[in-house]
Every structure is written in C-alpha cells, then in structure tokens.
Amino acid sequence: MNLLERITAVSANINRCCQLSGRDPESVQLMLVTKTVPIETIIEAHQLGNHLFGENKVQEVVQKWIAHPEGSLVKPEFIGHLQTNKVKTCLDVCSRIQSVDRLSLVEALDRELQKRGEQREIFLQVNSSDEASKFGLSVEETLPFAQTIQRYQTLKVTGLMTLALFSQDEHKVRPCFKKLKHLFTQVQDTGLFGEDFQHLSMGMSSDYQIAITEGATLVRVGTAIFGARSTPDSHYWPDL
Ligand SMILES: *Cc1c(COP(=O)(O)O)cnc(C)c1O
C-alpha cells in the first residue's frame with residue numbers, strides 16, 4: 001500500500017469505530033506521528049490534505065523540518081518529553097504542546113511566553129497506566145495540578161493526553177482509556193478551562209480503535225501509516 005492507501009485505511013477504521021460506538025466520525029481527529037519519517041514523506045502527507053503532525057524530539061524538528069525549505073509550511077505538535085532547556089526552541093518550531101506534565105515546565109513555558117507576549121495551547125499529559133517509568137501526571141494529582149496552573153494566562157489548556165499501558169492485552173489497555181475519559185470529564189466539570197477544554201488525545205497504532213470506543217477525540221498514529229521505525233522507542237521515551 002502507498003501512503004494515501006494507508007492513511008485511507010486508518011481513516012476508514014476510525015469511521016467504523018465511531019459508527020460502532022455511536023459517535024460522529026468528525027469527532028475524532030487523526031494525528032500523523034512522524035518521528036523518524038523523512039520530511040519528503042511528511043510533505044507528501046501534507047499535500048494529501050493532512051495537517052496534524054506529531055513529533056517527539058525538538059532536535060529532530062529543527063534538523064528535519066526547519067532545515068527543509070518546505071518543512072516550515074506546517075508546524076508539528078509536540079508530543080514528547082520536553083526538557084526545560086528546550087522550551088524556547090520548542091515554542092519556535094512546534095505548535096500545540098501535548099506533553100505538559102510538571103510545574104517546572106509550566107513555569108518555563110510561562111516565562112518564555114510572557115517575554116514574547118504570546119499565549120500557547122497545551123494539553124496535560126497524564127500517566128494512565130501507573131507505570132513508574134512513564135512520564136505524565138498521576139491521575140490523582142491532575143485535578144489539583146489543573147487548579148494550580150489555571151492562573152497562568154499564557155497557557156490555554158484545551159485537553160489531556162495519555163499513553164496507555166504497552167500491552168497486547170485489551171483487558172489491560174482499555175481501563176487506561178476509561179480512567180482518562182473519566183478524569184477528562186471531571187476536569188471539564190470543574191469549568192477551570194472553559195469550553196475550549198475538549199480534546200482527549202489517546203490511542204496509537206496498536207490501540208487507537210479501543211481508544212475511540214472509550215472517547216478519544218484525537219488519535220496519534222505512526223507505525224500503522226509509515227511502517228515500523230528503525231530507532232527503538234526508548235530513544236524517544238528515554239525511561240521506557
Ligand atoms: C510514537 C508515538 C506515537 C505513535 O506510535 P505508533 O505506535 O507508531 O503509532 C503516539 N504517541 C506518542 C506520544 C508517541 O511517542
């Protein structure tokens with residue numbers, strides 16, 4: 001299958017899952033996760049009408065996207081672990097940041113955005129699998145954290161993001177998504193972030209269909225569209 005066929009196949013799966021769970025297919029967005037994918041392929045996907053891209057490493061965005069004349073046509077969203085010393089560059093080369101998971105990062109983002117007189121859309125990353133090795137706020141600390149950061153006017157919190165447990169066992173994966181959906185509704189109910197808080201980013205190649213039946217509004221798919229990566233995921237998620 002070529003790129004268009006693979007994107008079409010995933011989109012068809014998304015539509016089918018929406019129908020099965022009584023959801024509007026328009027309520028789920030497909031993000032193409034392009035770590036290790038060459039910029040030429042990304043540009044091809046963009047020309048096919050895709051606008052939502054995710055990258056995990058600031059350095060890779062700089063080297064791959066920015067170095068290419070057409071690469072700056074569309075900015076990827078950031079979905080990786082963000083070190084505070086990369087905040088400036090990340091704000092330069094990426095758009096929305098889905099992986100905000102600690103106060104020191106919020107403060108670093110706020111400081112830089114204040115300097116620029118800008119506001120930036122972010123998601124909070126939550127650890128829904130209780131694995132000590134993964135990044136993200138624990139489910140328990142997310143509500144208090146949301147309350148703490150509400151006062152940072154430079155940040156517009158519009159959603160939650162999670163990685164489920166890495167497992168082939170649906171019975172272990174699905175509860176992670178259920179937990180996140182519940183938390184998402186709780187945060188929504190607080191009204192802290194208003195009506196714009198509406199995104200639930202969960203589901204990857206192996207589990208996006210489960211995530212959709214549990215309420216995902218944005219799925220992040222790499223491998224199922226671009227093929228297997230030669231770089232191990234531990235390079236992108238150092239603590240895995
Ligand atoms: C790599 C990655 C994905 C996509 O994973 P695939 O299994 O290739 O679909 C999604 N989300 C995050 C945060 C990732 O790092």
Side-chain angles (χ1 to χ4, degrees), residues 1 3 5-14 17 28-39 41-42 45 50-61 64-65 75-83 86 90 93-102 105 121-129 131 133-137 158-170 172-174 176-177 180 184 199-212 214-240:
M1 282 204 278
L3 182 61
E5 288 165 338
R6 275 173 283 157
I7 295 174
T8 307
V10 170
S11 302
N13 283 338
I14 293 175
C17 290
V28 180
Q29 289 183 293
L30 170 61
M31 163 177 277
L32 306 186
V33 176
T34 51
K35 58 192 185 214
T36 76
V37 175
I39 189 68
T41 308
I42 298 172
N50 301 278
H51 301 280
L52 202 54
F53 298 96
E55 287 277 355
N56 289 58
K57 285 207 173 271
V58 173
Q59 211 46 37
E60 185 170 336
V61 179
K64 200 168 80 180
W65 295 65
K75 278 186 178 173
E77 300 195 5
F78 196 74
I79 59 173
H81 178 61
L82 182 52
Q83 294 165 284
K86 300 265 171 64
C90 185
V93 300
C94 296
S95 57
R96 186 164 62 190
I97 301 170
Q98 293 202 5
S99 45
V100 175
D101 62 353
R102 60 198 189 280
L105 179 56
E121 191 178 331
I122 62 162
F123 292 174
L124 302 182
Q125 181 176 353
V126 181
N127 179 349
S128 58
S129 65
E131 284 174 294
S133 58
K134 245 181 247 163
F135 298 108
L137 298 154
T158 62
L160 299 182
M161 186 270 263
T162 199
L163 287 109
L165 190 79
F166 288 113
S167 166
Q168 301 297 326
D169 185 352
E170 183 182 330
K172 292 187 175 152
V173 175
R174 190 178 287 279
C176 300
F177 296 139
L180 241 279
F184 175 73
H199 301 286
L200 185 51
S201 171
M202 57 186 196
M204 314 178 15
S205 292
S206 58
D207 56 18
Y208 70 93
Q209 308 192 49
I210 305 171
I212 291 170
E214 295 301 334
T217 66
L218 190 159
V219 293
R220 310 178 308 269
V221 180
T223 311
I225 287 171
F226 300 108
R229 290 178 287 272
S230 54
T231 319
D233 278 353
S234 55
H235 175 68
Y236 288 92
W237 290 102
D239 281 6
L240 281 186

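Ligands are counted one by one from 1 in listed order, and the atoms in each one are counted from 1 as well.
Using a 4.0 Å heavy-atom cutoff, R229 is listed among the residues neighbouring ligand 1.
The minimum heavy-atom distance linking A45 with L3 is given by the pair N-CD2, 3.8 Å.
The aromatic rings of F135 and H81 lie parallel to each other, with less than 30° between the two planes, well short of the 60° mark.
Residue T223 has at least one heavy-atom neighbour below 4.0 Å for each of these atoms of ligand 1: 6 (P), 7 (O), 8 (O), 9 (O). Taking every non-hydrogen atom of S205 and a distance limit under 4.0 Å, the qualifying atoms of ligand 1 come out as 6 (P), 7 (O), 8 (O), 9 (O). Close approach of ligand 1 to R220 is summarised as follows: ligand atoms under 4.0 Å from at least one heavy atom of the residue are 4 (C), 9 (O), 10 (C), 11 (N), 12 (C), 13 (C). Interface atoms of ligand 1 facing N56, defined by a heavy-atom separation under 4.0 Å, are 14 (C), 15 (O). Residue V221 has at least one heavy-atom neighbour below 4.0 Å for each of these atoms of ligand 1: 9 (O).
Two residues are said to be in side-chain contact when any heavy atoms from C-beta on lie closer than 4.5 Å; F166 and V173 fail this criterion.
Within the 4.0 Å heavy-atom criterion, both parts of I79, backbone and side chain, lie near ligand 1.
The closest side-chain donor-acceptor pair between S201 and Q98 falls under 3.5 angstrom. Side chains of E121 and T158: a donor-acceptor N/O pair is present below 3.5 angstrom, by distance only.
At most 12 non-hydrogen atoms from other residues, nucleotides or ligands lie less than 6.0 angstrom from CD of Q168.
By the 4.0 Å N-to-carboxylate-O rule, K35 lies too far from E55 to be salt-bridged with it.
Considering K35, E55, M161, M202 only, the shortest heavy-atom separation from atom 2 (C) of ligand 1 involves K35.
Between A224 and ligand 1, no pair of N/O atoms sits closer than 3.5 Å.
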